[in-house]
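Here is the structure we will look at, set down as structure tokens.
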Amino acid sequence: MKNLFEHTNAFWAKYAAYEWRVAADGKEYLLPTKDAEAAVYNIMKVVDQLVLDAVNVGRLVMKKSPEKKIKDAILRFACNYGLLGMMTALPTTPNFVEYEKVYLLKNQFIRQETMDTLAYMKLFFPFRMPDFHKRGIESIWNVSGEDRAEAALSMTFRNDPRAMAISFMRNYGEPYEWLKEAFLDWAFTFTSTYLYYEDRDKTDEHTLELYRKGLACFEGNAPTYHLELQNHPVIVWDYHSLMLAIKFLFSVKLTAEKNPMSLCEHCRMAFYAPRADSRFCSAECRNKASKKS
């Protein structure tokens, strides 16, 4: 069989700078700064580093690092790759604005199975809602031409679900606690898998079973797809959320036999092991470990 993922629509947007802001309800959100420039990139060209960086942000959460260190790491991640696009990741479809209500997948952030569309969108626009109006299945979104970055992004992604383009607006933000939870989920899954194989010859069966159950809790979400008539009919995979893209691509990297992710014995952060016996992520960590021994 030919490469099933030969055709992939995996473009995402990021701003050059982000900031933490506290909303009226006391929750802290990460948003683009007022004058930051926007750029579009291809997720598939940065897959290896993207997945590794996502896991290592989560590793900081697992290690109970200081909040400032975690926030700084999440902010750097956003500057490199953009926000996660949670608004389009959590519903059953990224086209949720075309429905009377938002129908939600099972997730750790929102308990309701359905929500009013505007009420749902307000979760991601804590400071100012976009000029968006909805009546039943009909909706209107007006993009101000005053912000050239927003206008350019709305045009660039005009063929994608409208909610995806809305999530690239400057007033769109994602809650710190939700971001932290998402990164922790990826790091926990990686760490459980790593320890299962690292310790299975010296660990009791009860602990191994806990590792298996931990991995089973990682529910997969495949990208959506559409068909195109090119030289022949092809399947084109669509990533309408960076969050779901990372989740899927992380699963691919986690199951790869070549250069698997490993855990550095010194800094306890993830890295791609060039050899089966690689124990350290860098020469620096190897030297520091040898000095301690």
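For this chain, numbers begin at 1 and follow the sequence in order. Keep in mind it's a predicted model, so treat the numbers as computed, not measured.
- A 4.5 Å side-chain heavy-atom check between Tyr176 and Lys27 finds every atom pair outside the cut-off.
- A salt bridge does not link Arg76 to Asp72: none of the charged side-chain nitrogens sits closer than 4.0 Å to a carboxylate oxygen.
- Closest approach of Ile246 to Ala54, counting heavy atoms only: CG2-CB, 4.0 Å.
- Interatomic distance, CE of Met164 versus CE of Met87, reported as 11.0 Å (0.5 Å rounding).
- When atom types are taken as modelled, the side chain of Glu174 and the backbone of Phe124 share no donor-acceptor pair closer than 3.5 angstrom.
- Atoms CG and NZ, from Leu179 and Lys71 in turn, are 11.5 Å apart once rounded to the nearest 0.5 Å.
- Within a 6.0 Å radius of OH in Tyr194, more than 12 heavy atoms belonging to other residues, nucleotides or ligands are found.
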Item to check | Residues Met129, Leu118; criterion side-chain contact (heavy atoms from CB on, under 4.5 Å); working and verdict | outcome: CA-CA 9 Å; Met129 281 285 287; Leu118 290 178; 4.2 Å; yes
Checklist entry - Are Trp186 and Leu254 close enough, and set up right, to give a side-chain contact (heavy atoms from CB on, under 4.5 Å), and what steps lead you there? => result CA-CA 10 Å; Trp186 297 321; Leu254 189 67; over 6 Å; no
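- With hydrogens and angles ignored, the 3.5 Å screen pairs no side-chain donor or acceptor of Asp185 with any backbone N or O of Glu181.
- Taken together through direct or relayed side-chain contacts under 4.5 Å among Ile, Leu, Val, Met, Phe, Trp and Tyr, Tyr197 and Val55 form part of one hydrophobic cluster.
- There is a path of hydrophobic side-chain contacts, each under 4.5 Å, that joins Phe248 to Met261.
- In this structure, CZ in Arg268 is found 10.0 Å from CE in Met62, a value given to the nearest 0.5 Å.
- For Tyr196, the side chain to side chain donor-acceptor pair (under 3.5 Å) criterion is met by Arg212, not counting sequence neighbours.
- The closest donor-acceptor contact from the side chain of Tyr239 to the backbone of Leu244 lies at 3.5 Å or more, if one exists at all.
- For Ala38, the side chain to side chain contact (heavy atoms under 4.5 Å, CB included) partners two or more places apart in sequence, or in a different chain, are Tyr15, Ala149, Leu153.
- Residue pairs satisfying the salt bridge (Lys or Arg N to Asp or Glu O under 4.0 Å) criterion with at least one member in residues 112-134, sequence neighbours excluded, are absent.
- Summarising the hydrophobic clusters (Ile, Leu, Val, Met, Phe, Trp, Tyr; side-chain heavy atoms under 4.5 Å, direct or chained), the residues clustered with Phe127 are Tyr29, Leu31.
- Heavy atoms from other residues, nucleotides or ligands lying under 6.0 Å from CG of Leu227 number more than 12.
- Between the side chain of Arg170 and the main chain of Ala36, a donor-acceptor pair closer than 3.5 Å is present.
- Looking at Trp20 and Ile74, their side chains come closer than 4.5 Å, going by heavy atoms from C-beta outward.
- Inter-residue side-chain proximity for Leu104 and Phe96 is flagged as unmet; no heavy-atom pair is nearer than 4.5 Å.
- Contact detail for Ala151 and Val143: the closest heavy-atom pair is CA-CG1, 4.1 Å.
- In terms of modelled atom types and a separation under 3.5 Å, the side chain of Ser241 and the main chain of Leu84 share a donor-acceptor contact.
- Scanning for side chain to side chain donor-acceptor pair (under 3.5 Å) contacts around Lys258 gives an empty result, with sequence neighbours left out.
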Next on the checklist: side-chain contact (heavy atoms from CB on, under 4.5 Å), that's the test. Do Tyr120 and Leu90 meet it? Break it down for me.
Outcome noted: CA-CA 10 Å; Tyr120 175 71; Leu90 301 183; 3.6 Å; yes
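- Within the model, atoms SG of Cys79 and CG of Leu30 stand 8.0 Å from one another, a figure rounded to the nearest 0.5 Å.
- Residues Ala270 and Phe190 approach most closely at CB-CE2, 3.7 Å, considering heavy atoms.
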Please tabulate, for side-chain N and O atoms in residues 42-50, each donor-acceptor pair with protein atoms closer than 3.5 Å (sequence neighbours left out).
from	atom 1	to	atom 2	distance (Å)
Asn42	OD1	Met44	N	3.0
Asp48	OD1	Lys253	NZ	2.7
Gln49	NE2	Asp53	OD1	2.8

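- In terms of heavy-atom proximity, Tyr172 sits nearest to Ser167 at CD2-O, 3.1 Å.
- Heavy-atom neighbours of Glu284 CD from other residues, nucleotides or ligands within 6.0 Å: at or below the threshold of 12.
- For the side chain to side chain contact (heavy atoms under 4.5 Å, CB included) test, residues two or more places apart in sequence or in another chain that qualify with Glu100 are Ile137.
- Legend: residues meeting side chain to side chain contact (heavy atoms under 4.5 Å, CB included) with Val61, ordered by chain and number and at least two apart, are Ile70, Lys180, Leu184.
- Note: Glu67 CD to Glu28 CD = 9.0 Å, rounded to the nearest 0.5 Å.
- In this structure, the side chain of Ser278 does not engage the main chain of Ala273 through any donor-acceptor pair within 3.5 Å.
- To the nearest 0.5 Å, the span separating CH2 on Trp178 from CZ on Phe109 amounts to 7.5 Å.
- Counting heavy-atom neighbours within 6.0 Å of Tyr99 OH, excluding the residue itself, gives a total of 12 or less.
- Residues passing the side chain to side chain donor-acceptor pair (under 3.5 Å) test with Gln108, sequence neighbours excluded: none.
- Under the side chain to side chain donor-acceptor pair (under 3.5 Å) criterion, Glu37 pairs with no residue, sequence neighbours left out.
- Leu242 and Leu123 fall within the same hydrophobic cluster, where Ile, Leu, Val, Met, Phe, Trp and Tyr residues are linked whenever their side-chain heavy atoms come under 4.5 Å apart, directly or through other members.
- Heavy atoms of other residues, nucleotides or ligands lying less than 6.0 angstrom from CG of Asp277 number more than 12.
- Between Ala182 and Met86 the shortest heavy-atom distance is CB-CE, 4.1 Å.
- Side chain of Arg21 to backbone of Gly173: no donor-acceptor contact under 3.5 angstrom is found.
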Next on the checklist: Working note: Lys291 + Lys288, criterion side-chain contact (heavy atoms from CB on, under 4.5 Å); need CA distance, chi angles, decisive distance, verdict.
Outcome noted: CA-CA 5 Å; Lys291 289 178 181 179; Lys288 288 181 178 179; 5.7 Å; no
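- Minimum heavy-atom separation, Tyr18 to Ala78: CE1-O, 3.3 Å.
- Shown here are the ring-ring contact (aromatic ring centres under 6.0 Å, His included) partners of Phe168, two or more places apart in sequence or in another chain: Trp12, Phe157.
- Side-chain contact between Val97 and Trp141 is absent, with no heavy-atom pair separated by less than 4.5 Å.
- No path of Ile, Leu, Val, Met, Phe, Trp and Tyr side chains, each step under 4.5 Å between heavy atoms, connects Val22 with Phe125, placing them in separate hydrophobic clusters.
- Remark: the backbone N or O of Thr93 is not paired with any side-chain donor or acceptor of Asn95 at under 3.5 angstrom.
- Side-chain N or O atoms of Arg59 include none that pairs as donor or acceptor with a backbone N or O of Asn56 at under 3.5 Å.
- When the side chain to side chain contact (heavy atoms under 4.5 Å, CB included) test is applied to Pro94, the partners found at least two apart in sequence or on another chain are Thr88, Pro161, His240.
- Cluster annotation: Leu195 and Phe280 are assigned to distinct hydrophobic clusters (Ile/Leu/Val/Met/Phe/Trp/Tyr, side-chain heavy-atom contacts under 4.5 Å, transitive).
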